[in-house]
A.B. asks: 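Here it is: the structure, laid out below.
Computed from a predicted model, the values in this text were never measured in an experiment.
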Amino acid sequence: MCGIIGFTGLKQAAPILLEGLSRMEYRGYDSAGMAVTSPEGLLQLARVSGKVAGLYDRTENGAAFPGACGIAHTRWATHGAPTEANAHPQVSMHGRFAVAHNGIIENFAALKKELIEKGYAFTSQTDTEIVANLLEDSYRGDFQEAVEKMLARIEGSYAFAILCADHPGELFAVRMNSPLILGLGEGFNLFASDVTALVSHTRRVVYMDDGDYARVTPDEVALFAKDGSPKALRETRVNISLAEAEKGGFEHFMMKEIFEQPEALEKTIASRIRGGEIVLDDFRLESESLKNIQKIVITACGSAYYAGLAGRYAIEKLCRIPVDVKLASELRYEDPLIDGRTMLIVLSQSGETLDTIAAMKECKARGAKVLAIVNVAASTIARLADHVLYTWAGPEIAVATTKGYTTQLAVLDLFAVYAARQLGRLDEEEYAAWMQKIRELPGLVRKALALEPAMADLAVLLKDAEHVFFLGRNTDSALAMEGALKLKEISYIHAEAYAAGELKHGTIALLEEGTPVIALCCNQALLEKTASNIIEVKARGAKTIAVAPEGAAQEVLASCADRCVFVPAADDIFSAMIAVVPLQLLAYHTAKLRGCSIDKPKNLAKSVTVE
Ligand code: AGP
């Protein structure tokens with residue numbers, strides 16, 4: 001997953017391209033580059049391996065690259081190692097075309113063979129270089145015609161920024177399965193993978209659809225559909241502030257976003273509980289259509305998958321509809337038992353995760369109705385779904401999701417109570433009681449944030465650990481998975497989650513003297529059971545940390561666990577949203593003690609738009 005940006009206008013392009021890359025570095029940061037047309041019509045190219053800072057140096061903060069039209073790219077490597085030669089923009093053999101690309105060209109091998117037979121030489125291992133040479137091979141003086149001919153030949157997922165040295169001031173933007181947004185200005189126009197790269201220049205944006213391409217000049221943006229027919233510009237206004245994209249006084253985006261959770265949850269919940277009922281935007285599920293649903297399948301990847309595992313309990317408990325939670329990367333290939341009586345719920349913070357998109361398309365093709373729960377407006381998943389419920393968490397920049405996860409839980413909880421009411425499983429009084437419990441959740445999360453100092457202390461116990469185990473039952477086992485992922489993806493400590501009842505079936509053999517074991521005891525109905533697991537592992541030398549609701553058998557836990565963390569009490573089916581907060585804080589402080597790159601962990605990117 002990469003970040004691309006193009007600018008053309010009256011100002012110098014290079015500083016604007018650099019600033020845009022800096023705002024998109026969370027999308028991928030193992031190499032970067034830019035191409036700017038000089039006032040004399042020369043194509044100036046700079047590429048570095050490593051982060052965008054290297055490009056600032058190479059171009060003297062842009063000053064060494066005069067010109068008012070250019071493209072730039074920050075990369076998360078797919079084809080080819082993160083070297084300078086493989087960095088984008090990739091340039092055609094005779095230096096006429098430069099291309100920055102986010103995605104994968106699936107038929108690149110055949111095209112490369114064809115171009116080599118025509119005499120083209122290649123200098124990189126990338127699929128993108130094929131696109132640059134295809135453009136050159138198709139070019140007879142007309143830039144747009146060359147773009148259209150190239151697009152007719154390639155297959156796969158892509159967002160392109162394309163520059164041609166023979167056409168100074170003119171760029172092409174192309175979107176297919178990778179995000180690209182046009183920014184409209186006065187005397188300039190630009191486009192980028194992410195709106196945070198546009199907002200400091202304009203708030204007037206156009207979200208491109210898959211298949212769209214646009215000719216962009218300083219005075220005009222001409223948009224075309226995949227078939228070449230002109231499309232009107234559906235302009236919308238972006239209302240996020242730059243502050244939202246900045247760190248807001250915190251050292252890392254991740255901590256900012258952990259502390260934004262109460263506000264994000266308020267935004268996600270409050271506007272959907274009004275007039276004594278839950279209103280899920282324009283999503284309406286009449287009781288008849290709900291009764292026709294044979295099962296619900298939730299599909300996602302990573303933390304979104306773990307949110308599905310946790311949210312499942314609320315839906316099954318209140319609606320009594322079977323819920324399957326499936327990894328998208330598995331669901332797409334398992335010839336799934338999905339039909340018109342299946343409701344598919346897709347969870348994704350970015351709305352661009354390729355495996356999740358592919359699984360969604362597979363299930364749609366089999367007749368499933370799709371409800372998407374996403375955080376990024378007009379993202380690919382949002383646009384493909386039959387219904388969308390946004391999590392309204394605001395931009396999430398840190399690679400490790402926090403507010404994205406908890407707001408997904410909030411929407412699942414709202415859906416569960418809404419659907420249970422529609423199905424007649426809740427009477428008025430029960431409905432009101434459950435709504436009130438959901439309303440209280442943001443405040444309980446705010447209270448849980450007060451645990452930060454305690455979690456910073458506990459991080460000392462973990463920082464030198466080689467292995468850490470997270471245990472839990474029922475809702476706590478789903479939470480354990482998210483807790484383990486948070487820790488491993490930012491501190492690089494091996495962490496695993498186990499259903500507490502599974503310990504004796506093998507895992508307990510792994511325990512060594514001093515191994516940290518975090519036991520989640522927030523499901524109060526099963527607390528005693530998990531407490532006995534704590535005793536089991538402690539007897540084998542584990543350092544035990546229990547996470548439990550305040551007041552819940554505190555003396556029992558205090559007598560068996562080495563350390564206890566007490567969180568605000570919530571109903572079992574909502575407890576993951578509260579208890580995840582200390583686990584997020586523990587992961588953050590452990591990673592910090594270990595000197596890890598918290599917002600941009602190694603090998604990871606914010607949204608995985610490749611297979
Ligand atoms: C979570 O901290 C990770 N960054 C990762 O597992 C992420 O949840 C996963 O890639 C899914 O991303 P999405 O929600 O944007 O689809």
A.B. asks: If you apply the rule side chain to side chain donor-acceptor pair (under 3.5 Å), what do you find for Arg75 with Ser49, and how did you get there?
C.D. replies: CA-CA 9 Å; Arg75 184 171 183 243; Ser49 62; over 6 Å; no
A.B. asks: Mark yes or no for whether Glu170, through its side chain, and Leu163, through its backbone, hold a donor-acceptor pair below 3.5 Å.
C.D. replies: no
A.B. asks: Could you check whether Lys602 makes a cation-pi contact with Tyr492, meaning its NZ or CZ is under 6.0 Å from the centre of the six-membered ring and within 45° of the ring axis?
C.D. replies: yes
A.B. asks: So, are Arg234 and Asp209 salt-bridged, with charged N and O less than 4.0 Å apart?
C.D. replies: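 Yes.
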A.B. asks: Can you name the residues that form a side-chain contact (heavy atoms from CB on, under 4.5 Å) with Ala159, not counting sequence neighbours?
C.D. replies: Ile4, Asn102, Ser178, Leu180
A.B. asks: Is Glu129 salt-bridged to Lys112, going by a charged N under 4.0 Å from an acidic O?
C.D. replies: no
A.B. asks: If the condition is salt bridge (Lys or Arg N to Asp or Glu O under 4.0 Å), which residues does Glu466 pass it with, not counting sequence neighbours?
C.D. replies: none
A.B. asks: Indicate the ring-plane relationship of Tyr588 and His252, choosing parallel, tilted or perpendicular according to the 30° and 60° boundaries.
C.D. replies: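 Aromatic pair Tyr588/His252 classed perpendicular.
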A.B. asks: Indicate whether the side chain of Ser350 and that of Ser607 have a donor and an acceptor atom separated by less than 3.5 Å.
C.D. replies: yes
A.B. asks: Looking only at atom types and distance, does a side-chain atom of Asn189 sit under 3.5 Å from a main-chain N or O of Thr217, one as donor and one as acceptor?
C.D. replies: yes
A.B. asks: Just jot down the side-chain contact (heavy atoms from CB on, under 4.5 Å) partners of Ala382, sequence neighbours excluded, or say none.
C.D. replies: Val374, Ser379, Val388, Tyr390
A.B. asks: Going by side-chain contact (heavy atoms from CB on, under 4.5 Å), name the residues that satisfy it together with Met176, two or more places apart in sequence or in a different chain.
C.D. replies: Tyr158, Asp210, Lys226
A.B. asks: Please name the pair of heavy atoms, one in Phe253 and one in Asp599, separated by the smallest distance, quoted to 0.1 Å.
C.D. replies: N-OD2, 2.7 Å
A.B. asks: Looking at Lys256 and Glu251, is there a salt bridge between them, counting it only when a charged N and a carboxylate O are closer than 4.0 Å?
C.D. replies: no
A.B. asks: Could you work out, with side chain to side chain donor-acceptor pair (under 3.5 Å) as the rule, every residue matching Ser303, not counting sequence neighbours?
C.D. replies: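 With sequence neighbours excluded, Ser303 shows a side chain to side chain donor-acceptor pair (under 3.5 Å) to Glu482, Lys486, given in chain and number order.
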A.B. asks: Output every pair passing side chain to side chain donor-acceptor pair (under 3.5 Å) with a member in residues 5-19, not counting sequence neighbours, ordered by first then second residue.
C.D. replies: Glu19-Arg23, Glu19-Ser200, Glu19-His201
A.B. asks: Between Glu257 and Lys403, is the closest basic N to carboxylate O distance under 4.0 Å?
C.D. replies: no
A.B. asks: What residues form a ring pair (Phe, Tyr, Trp, His ring centres under 6.0 Å) with Tyr56, not counting sequence neighbours?
C.D. replies: none
A.B. asks: Could you list the residues that satisfy side chain to side chain donor-acceptor pair (under 3.5 Å) with Arg47, not counting sequence neighbours?
C.D. replies: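 Arg47 satisfies side chain to side chain donor-acceptor pair (under 3.5 Å) with no other residue.
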A.B. asks: Among Arg446, Gln584, Glu266, find the one that has a side-chain hydrogen bond (donor to acceptor under 3.5 Å, both in side chains) with Gln261.
C.D. replies: Gln584
A.B. asks: How would you list, by chain and number, every residue that makes a ring pair (Phe, Tyr, Trp, His ring centres under 6.0 Å) with Phe97, sequence neighbours excluded?
C.D. replies: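 If we apply the ring pair (Phe, Tyr, Trp, His ring centres under 6.0 Å) test to Phe97, skipping adjacent residues, the hits are Tyr139, Phe143.
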A.B. asks: Quick one: do the Thr126 and Ser124 side chains pair a donor with an acceptor below 3.5 Å?
C.D. replies: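 Side chains of Thr126 and Ser124: pair found under 3.5 Å.
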A.B. asks: With sequence neighbours left out, what residues match Arg58 under side-chain contact (heavy atoms from CB on, under 4.5 Å)?
C.D. replies: Ala46, Val48, Glu84
A.B. asks: Centre-to-centre under 6.0 Å for Tyr306 and Tyr405, is that the case here?
C.D. replies: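 No; Tyr405 has its ring centre 6.0 Å or more from that of Tyr306.
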A.B. asks: By the definition salt bridge (charged side-chain N to carboxylate O under 4.0 Å, His left out), identify the one residue from Glu352, Glu396, Glu489 that meets it with Lys606.
C.D. replies: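 With Lys606 as partner, salt bridge (charged side-chain N to carboxylate O under 4.0 Å, His left out) holds for just one option, Glu396.
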A.B. asks: Among residues at least two apart in sequence or on other chains, which ones pass side chain to side chain donor-acceptor pair (under 3.5 Å) with Arg153?
C.D. replies: Glu114
A.B. asks: Glu452: which residues meet the side chain to side chain donor-acceptor pair (under 3.5 Å) condition with it, sequence neighbours left out?
C.D. replies: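 Per chain and number, Glu452 pairs via side chain to side chain donor-acceptor pair (under 3.5 Å) with His589.
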